[in-house]
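Working notes for the structure below.
Just so it is clear, the model here is predicted, and its values are computed rather than measured. In each ligand, atom 1 is the first atom listed, and ligand 1 is the first ligand listed. Side-chain atoms are counted along with the backbone in the values below, which use heavy atoms only and exclude waters and symmetry mates. Numbers here are sequence positions counted from 1.
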Amino acid sequence: MNHKLRVGIIGGGIGGAALARALQQQGIDFHLFERAPAFGEVGAGVQMTPNAVKVLKALGLTEPLKQVGFLPEAMVGLNWESGNELFRTPLKSTCPEVYGAEFYHVHRADLHSLLTSDIPAEKVTFNAQCTAVQHSPLSATAFFADGTSFEADLIVGADGIHSAVRSALWGDEKPQFTGHMCWRALVSVAEHPLPFVGPYAAFWMGPSAHVVTYYVKGGKAVNIVAVTETAEWVKESWTEASSTDELLNAYQGWHPDVIQLFERTDPTQTFKWGLFDHDPMAQWSVPHVTLLGDAAHPMLPFLSQGAAMAIEDGYVLAQALAHFGGDVPAALAAYEAERRPRTSQVQLQARERGRTYHLSSPEELRQRDLAFQQEQAKNPNAVGIRAEWIYEYDATRCRERFDETRAHA
Ligand code: FAD
């Protein structure tokens, strides 16, 4: 471990906060720069699948996670119109045994508070909008809109989907609008559970659209993610206002359980955004600058892995820096070797999953639903969305793999 190493983190979202916490755990000095005036209540529900929970536990968050999380009993695939079950994968009773950790639903703001809870105030600068990054053979410097700059052994772009650090390193990428748009909303629950929302992650699948609902805030709210296809371009943003009427209008004819839930959304707190697709990058790092999270691998939300991948990245990067001491380029090579193949695969599989969820011809739907049944008959733990390989991964064992890679180099 090298206590002299200094890391500049650009962006204090989920990935930047996970990295800060992991660096702190390793005794590595860091400073975090966030463009917002404070850490805020941005976002909606996120699924913390077992692969992410293994990391959160390693970061010392086992007990706090229990307080804010909701443990879904199962993941259930449902027909949009009849409500018939297409698959049911047990989660609560099996995930710790099968994958080595629980499967939680949490609100993004709660997750973010957990990750930032122990970061000392003097290690964070708010209102710091990074505009450029430069690197030399020995260090890197981040430049900010107010004219200040910060030099460090490593600058990490954890600045999300529209990353300024990624643009500085690799130029502006042109994401493709996928023709999908997505609503998100949160319904507060006084009476728990709502009679028409089971205590599970529900995947309602219909022609050219799907809806995912699940409890967050320890069961005090239901998170809605509703995806549909559209010819109209919709902005890639988390804060574009929509309305209950617009949501209901897009899902006419859907099962009454879905409609009842949508009717309870707060019209002023219903948001929409366009889903854009990004190809996996061929490289993330130069010797003293790298990327993590959405800055490195923005992905479609169809496998619910954006936040999970950002958390894994942050943890692995801190482990690599600790493992390779002051040798930042070696640490970045190990980090990228561990993370880029996995995140690229998740990006590509999420793209493919969008196609399966939105089939519209009756014959394709029949074949898909039959395949769900056959898989579950073979293996009751088979995840309907085919994510077993994602949940099995254990980032907390990355140091063993660093050693293996070095032994074979
Ligand atoms: P962010 O959390 O977006 O953080 C980036 C931070 O950088 C922000 O705080 C921003 O203010 C700051 N910033 C930006 N630019 C600058 C700058 N120039 N200078 C300084 N600071 C800057 N993920 C899951 O794991 N599970 C789910 O169930 C899930 N569901 C989702 C559902 C939908 C519909 C969508 C769209 C996403 C979903 N995600 C989910 C994805 C997840 O929320 C993101 O992938 C995750 O937040 C990425 O973390 P990040 O740290 O890379 O980026």
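Numbered from 1 in the order shown, with element, the atoms of ligand 1 that lie under 4.0 Å from a heavy atom of Gly293 read 52 (O). Here is the list of ligand 1 atoms found below 4.0 Å of a heavy atom in Ser304: 24 (C), 25 (O), 26 (N), 27 (C), 28 (O). Remark: ligand 1 atoms within the under-4.0 Å shell around heavy atoms of Ile10 are 19 (N), 20 (C). Listed by number with element, the atoms of ligand 1 under 4.0 angstrom from any heavy atom of Ala128 are 19 (N), 20 (C). Atoms of ligand 1 lying under 4.0 Å from at least one heavy atom of Gln47, given by number and element, are 25 (O), 26 (N), 27 (C), 28 (O). The distance from ligand 1 to the heavy atoms of Gly160 drops below 4.0 Å at these ligand atoms: 5 (C), 53 (O).
Residue contacts with ligand 1: Gly306 is placed with a nitrogen or oxygen under 3.5 Å of a nitrogen or oxygen of the ligand (distance criterion only). For ligand 1, the polar-atom distance check against Ala295 finds no nitrogen or oxygen pair separated by under 3.5 Å. Polar contact check, Gln129 against ligand 1: no nitrogen or oxygen pair lies under 3.5 Å apart. The shortest N or O to N or O distance between Val46 and ligand 1 is not below 3.5 Å. Remark: ligand 1 and Arg35 share an N or O pair separated by less than 3.5 Å (distance only, no angle test).
Compare Gly13, Pro298, Ala142 by their heavy atoms: the one nearest to atom 4 (O) of ligand 1 is in Gly13. Nearest-residue assignment for atom 12 (C) of ligand 1 (options His162, Arg184, Glu34; heavy-atom criterion): Glu34. Taking all heavy atoms of Tyr214, Phe39, Trp273, Phe144 into account, the minimum distance to atom 36 (C) of ligand 1 is reached by Trp273. Across the listed options Gly15, Ala308, Pro301, Gly157, Gly15 owns the non-hydrogen atom lying nearest to atom 50 (P) of ligand 1. Across the listed options Leu32, Leu115, Thr49, Asp159, Asp159 owns the non-hydrogen atom lying nearest to atom 14 (C) of ligand 1. Across Ala158, Ala18, Gly314, heavy-atom proximity to atom 5 (C) of ligand 1 is greatest for Ala158. Nearest to atom 30 (N) of ligand 1 by heavy-atom distance, out of Ala132, Gly45, Ser163, Ala307, is Gly45. Taking only non-hydrogen atoms, the option from Glu312, Arg108, His297 nearest to atom 3 (O) of ligand 1 is Arg108. Across the listed options Ala168, Cys130, Ala226, Ala17, Cys130 owns the non-hydrogen atom lying nearest to atom 18 (N) of ligand 1.
Counting heavy atoms under 4.0 Å from ligand 1, residue Cys182 touches it through the side chain alone. Neither the backbone nor the side chain of Thr131 has any atom closer than 4.0 Å to an atom of ligand 1 (non-hydrogen atoms only). Using a 4.0 Å cut-off between heavy atoms, Ala52 makes no contact with ligand 1 at all. Looking at Ala310 against ligand 1, only its side chain comes within 4.0 Å, counting heavy atoms.
Taking the six-membered ring for Trp and thresholds of 30 and 60 degrees, Phe262 and Tyr251 have ring planes more than 60 degrees apart, a perpendicular arrangement. Taking the six-membered ring where tryptophan is involved, the planes of His31 and Phe150 are tilted, since the angle between them lies from 30° to 60°. Taking the six-membered ring where the residue is Trp, Tyr215 and Phe70 present tilted rings, their angle falling between 30° and 60°.
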Next item on the list: Please report the C-alpha distance between Asn249 and Gln252 in whole Å, then the side-chain angles of each, then the deciding distance to 0.1 Å, and finally whether the side chain to side chain donor-acceptor pair (under 3.5 Å) criterion is met.
Entry: CA-CA 6 Å; Asn249 198 31; Gln252 286 177 26; 2.5 Å; yes

Next item on the list: Would you please test Asn79 and His255 for side chain to side chain donor-acceptor pair (under 3.5 Å) and show each step?
Entry: CA-CA 8 Å; Asn79 178 281; His255 192 274; over 6 Å; no

Checklist line | Test log, rule side chain to side chain contact (heavy atoms under 4.5 Å, CB included), inputs His107 and Val68 | finding: CA-CA 8 Å; His107 191 277; Val68 299; over 6 Å; no

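For Glu122, the CD atom counts as densely surrounded, since its 6.0 Å shell holds more than 12 non-hydrogen atoms of other residues, nucleotides or ligands. No more than 12 heavy-atom neighbours from other residues, nucleotides or ligands sit within 6.0 angstrom of CD on Gln134.
Between Asp29 and Lys123 there is a salt bridge, since at least one side-chain N of the basic residue sits less than 4.0 Å from a carboxylate O of the acidic one. Between Glu151 and Arg6 no salt bridge is recorded (no basic side-chain N to carboxylate O distance below 4.0 Å). We find that Asp279 and Arg351 are joined by a salt bridge, their nearest charged nitrogen and carboxylate oxygen being less than 4.0 Å apart. The existence of a salt bridge linking Arg386 and Glu375 is confirmed by a sub-4.0 Å separation between a basic side-chain nitrogen and an acidic carboxylate oxygen.
Using a 4.0 Å cutoff on heavy atoms, Ala36 does not count as a contact of ligand 1.
With 3.5 Å as the limit, one finds a donor-acceptor pair spanning the side chains of Thr265 and Thr244. Side-chain contact annotation: Tyr393 with Asn51, donor-acceptor N/O pair under 3.5 Å absent. Side-chain atoms of Gln347 and His278 form no donor-acceptor pair, as typed in the model, at a separation below 3.5 Å.
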